[in-house]
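The structure displayed is predicted, hence computed values, not measured ones. Residues: numbered from 1 along the sequence shown.
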Amino acid sequence: MQLERIALISDVHGNLTALEAVLADIEARGITRIFNLGDYVGKGPRGQAVVDRCREVCEVNILGNWDDFLPDPDRDYPAGGSMLWWRQELRDDQHAWLRNLPFCHDFQLSGQQIRLFHASATTVHHRVYFDHDEAAYRSMFENTPATGNGPLPTVVAYGDTHDAYYECDLGRTLINVGSVGNSLHDPTPVYTILEGVENSTAPAPFSIQFVRVPYDAHAELAIAHELGAPELDGYESEIIHGIYRGTFYAGESPTYHRD
């Protein structure tokens with residue numbers, strides 16, 4: 001029985017330093033298949049390079065919320081603002097590539113029907129946090145106009161919240177794969193490895209592993225300074241201290257998830 005390993009990454013957010021550290025770890029483990037759950041751009045200074053790198057190495061790339069709204073030609077961003085800087089840092093061909101990414105990706109592994117998407121089963125702009133109720137949990141396994149009417153998943157993996165976790169209930173498994181470039185609470189990049197028998201409808205060994213990969217976050221911050229990236233204090237708050245920039249800018253202290 002041959003077991004396949006697939007690395008799931010998400011939310012690189014223009015942090016090329018973190019991405020290269022994670023890719024090096026994936027390669028060192030002999031994993032050749034990488035599926036990306038979206039949010040390549042924004043926040044960090046090198047969205048263009050991240051997009052090019054992910055197009056090169058990722059077998060599957062799906063749409064994130066930043067990938068949808070940042071290059072949206074119908075949005076007007078103020079001159080000199082952060083959003084305009086991040087958008088103009090990308091090439092025009094990358095705008096089109098990002099917005100045309102698929103919403104989800106379905107496959108089978110060890111008898112598990114697996115579905116990957118960025119944020120929720122309905123839209124990349126609806127967020128499901130770690131601290132959710134049963135209705136939100138159930139909704140992640142439903143078919144919607146966005147997912148299509150394929151087989152209902154028994155395992156769902158998503159990103160968006162930058163907060164890795166694993167939950168198994170009601171005969172189903174929900175995984176947040178975490179964030180490579182903008183991990184919160186613990187700012188160390190994190191990704192997920194799935195292992196099992198590919199395209200198998202029969203039950204077989206199946207595993208889920210979270211991996212944290214230390215990297216030089218201060219070097220990444222220095223590059224952001226050199227490139228004149230916006231919101232540098234917020235970026236430092238996130239990649240050095242793991243504190244969401246919204247919390248930082250509001251002058252609030254981070255709280256426990258369930259408060």
Side-chain angles (χ1 to χ4, degrees), residues 7-15 18-19 22 35-44 50 61-70 101 103-105 114-142 144 146-147 153 155-169 172-194 208-213 217 231 234-235 237-250 252-259:
L8 306 181
I9 68 173
S10 190
D11 295 272
V12 179
H13 278 296
N15 186 339
L19 175 63
V22 167
F35 294 179
N36 193 320
L37 279 62
D39 270 10
Y40 307 77
V41 299
K43 295 178 176 273
V50 164
N61 288 288
I62 62 178
L63 181 71
N65 55 306
W66 278 77
D67 313 318
D68 182 51
F69 72 71
L70 186 64
L101 288 170
F103 179 82
C104 63
H105 179 71
I114 300 174
R115 176 170 289 165
L116 312 177
F117 49 64
H118 182 69
S120 75
T122 55
T123 170
V124 294
H125 302 293
H126 176 69
R127 184 156 292 157
V128 177
Y129 289 102
F130 164 81
D131 190 12
H132 51 252
D133 61 16
E134 181 181 341
Y137 178 79
R138 288 181 179 274
S139 75
M140 298 293 271
F141 300 89
E142 296 173 352
T144 70
T147 65
V155 177
V156 165
Y158 76 113
D160 188 51
T161 66
H162 303 197
D163 184 19
Y165 71 85
Y166 167 96
E167 181 179 7
C168 188
D169 206 345
R172 287 165 284 191
T173 301
L174 183 64
I175 311 160
N176 190 294
V177 305
S179 171
V180 168
N182 203 254
S183 182
L184 300 178
H185 311 295
D186 179 349
T188 311
V190 59
Y191 74 99
T192 302
I193 299 171
L194 301 183
I208 301 165
Q209 179 183 5
F210 293 99
V211 182
R212 288 200 180 268
V213 183
E231 299 188 21
Y235 196 47
S237 176
E238 290 176 340
I239 71 169
I240 303 296
H241 306 292
I243 298 172
Y244 175 55
R245 66 183 63 199
T247 303
F248 170 77
Y249 286 133
E252 300 172 351
S253 298
T255 59
Y256 181 65
H257 289 73
R258 295 186 179 272
D259 284 355

Do any N or O atoms from the side chain of Tyr158 and from the backbone of Leu37 form a donor-acceptor pair under 3.5 angstrom? no
Kindly determine whether Leu194 and Ile114 satisfy side chain to side chain contact (heavy atoms under 4.5 Å, CB included), including the steps that lead there. CA-CA 10 Å; Leu194 301 183; Ile114 300 174; 4.1 Å; yes
With sequence neighbours excluded, tell me which residues meet salt bridge (Lys or Arg N to Asp or Glu O under 4.0 Å) with Asp68. Arg99
At what distance, to the nearest 0.5 angstrom, does CG of Asn36 lie from OH of Tyr191? 13.5 Å
If you draw a 6.0 Å radius around OH in Tyr129, do more than 12 non-hydrogen atoms from other residues or ligands fall strictly inside? no
Quick one: do Arg138 and Glu134 make a salt bridge, cutoff under 4.0 Å? yes
Thr144: partners by side-chain contact (heavy atoms from CB on, under 4.5 Å), with sequence neighbours left out: Ala121, Thr122, Ala146, Thr147
To the nearest 0.5 angstrom, please state how far the OG1 atom of Thr192 sits from the CD1 atom of Ile9. 10.5 Å
Between Val155 and Ile175, is a side chain to side chain contact (heavy atoms under 4.5 Å, CB included) present by the stated rule, with each step listed? CA-CA 8 Å; Val155 177; Ile175 311 160; 3.8 Å; yes
Minimum-distance pair of heavy atoms, taken over all atoms of Ala119 and Val124: CB-O, 3.5 Å
About how many Å separate CZ of Arg212 and OG1 of Thr188, when rounded to the nearest 0.5 Å? 6.0 Å
Starting at CZ of Arg115, measure out to SG of Cys104 and round the result to the nearest 0.5 Å. 5.5 Å
So, for Ala18 and Val180, which heavy atoms are closest and what is the spacing to 0.1 Å? CB-O, 3.4 Å
By ring pair (Phe, Tyr, Trp, His ring centres under 6.0 Å) - contacts of Phe69 (at least two apart): Trp66
List the atom of Gly178, the atom of Val190, and the distance in Å for their closest heavy-atom pair. CA-CG1, 3.6 Å
Intermediate values then yes/no, side chain to side chain contact (heavy atoms under 4.5 Å, CB included), Phe117 and Val156: CA-CA 8 Å; Phe117 49 64; Val156 165; 3.5 Å; yes
In Å, rounded to the nearest 0.5 Å, how long is the span from CG of Asp160 to OG of Ser120? 8.0 Å
Phe210/Tyr166 under side chain to side chain contact (heavy atoms under 4.5 Å, CB included): CA gap, chis, key distance, verdict: CA-CA 9 Å; Phe210 293 99; Tyr166 167 96; 3.9 Å; yes
Partner residues of Tyr137 under the side-chain contact (heavy atoms from CB on, under 4.5 Å) criterion, sequence neighbours left out: His132, Phe141, Glu167, Asp169, Leu170, Arg172, Leu174
Would you check if the side chain of Asp67 reaches a backbone N or O of Asp39 as a donor-acceptor pair within less than 3.5 Å? yes
A side-chain contact here means heavy atoms from C-beta on lying under 4.5 Å apart; do Val211 and Ile193 qualify? yes
Could you check whether Asn61 and Tyr40, counting side-chain N and O atoms only, form a donor-acceptor pair closer than 3.5 Å? yes
Any sub-3.5 Å donor-acceptor pair from Asn176's side-chain atoms to Gly159's backbone N or O? yes
Set of side-chain contact (heavy atoms from CB on, under 4.5 Å) partners for Asn182, sequence neighbours left out: His13, Lys43, His162, Ser179, Leu184, Tyr235, Glu238, Ile239
side-chain contact (heavy atoms from CB on, under 4.5 Å) partners for His105, two or more places apart: Phe35, Val60, Ile62, Phe107, Leu116
Please round to the nearest 0.5 Å and tell me the distance separating atom NE2 of His118 and atom NE2 of His126. 12.5 Å
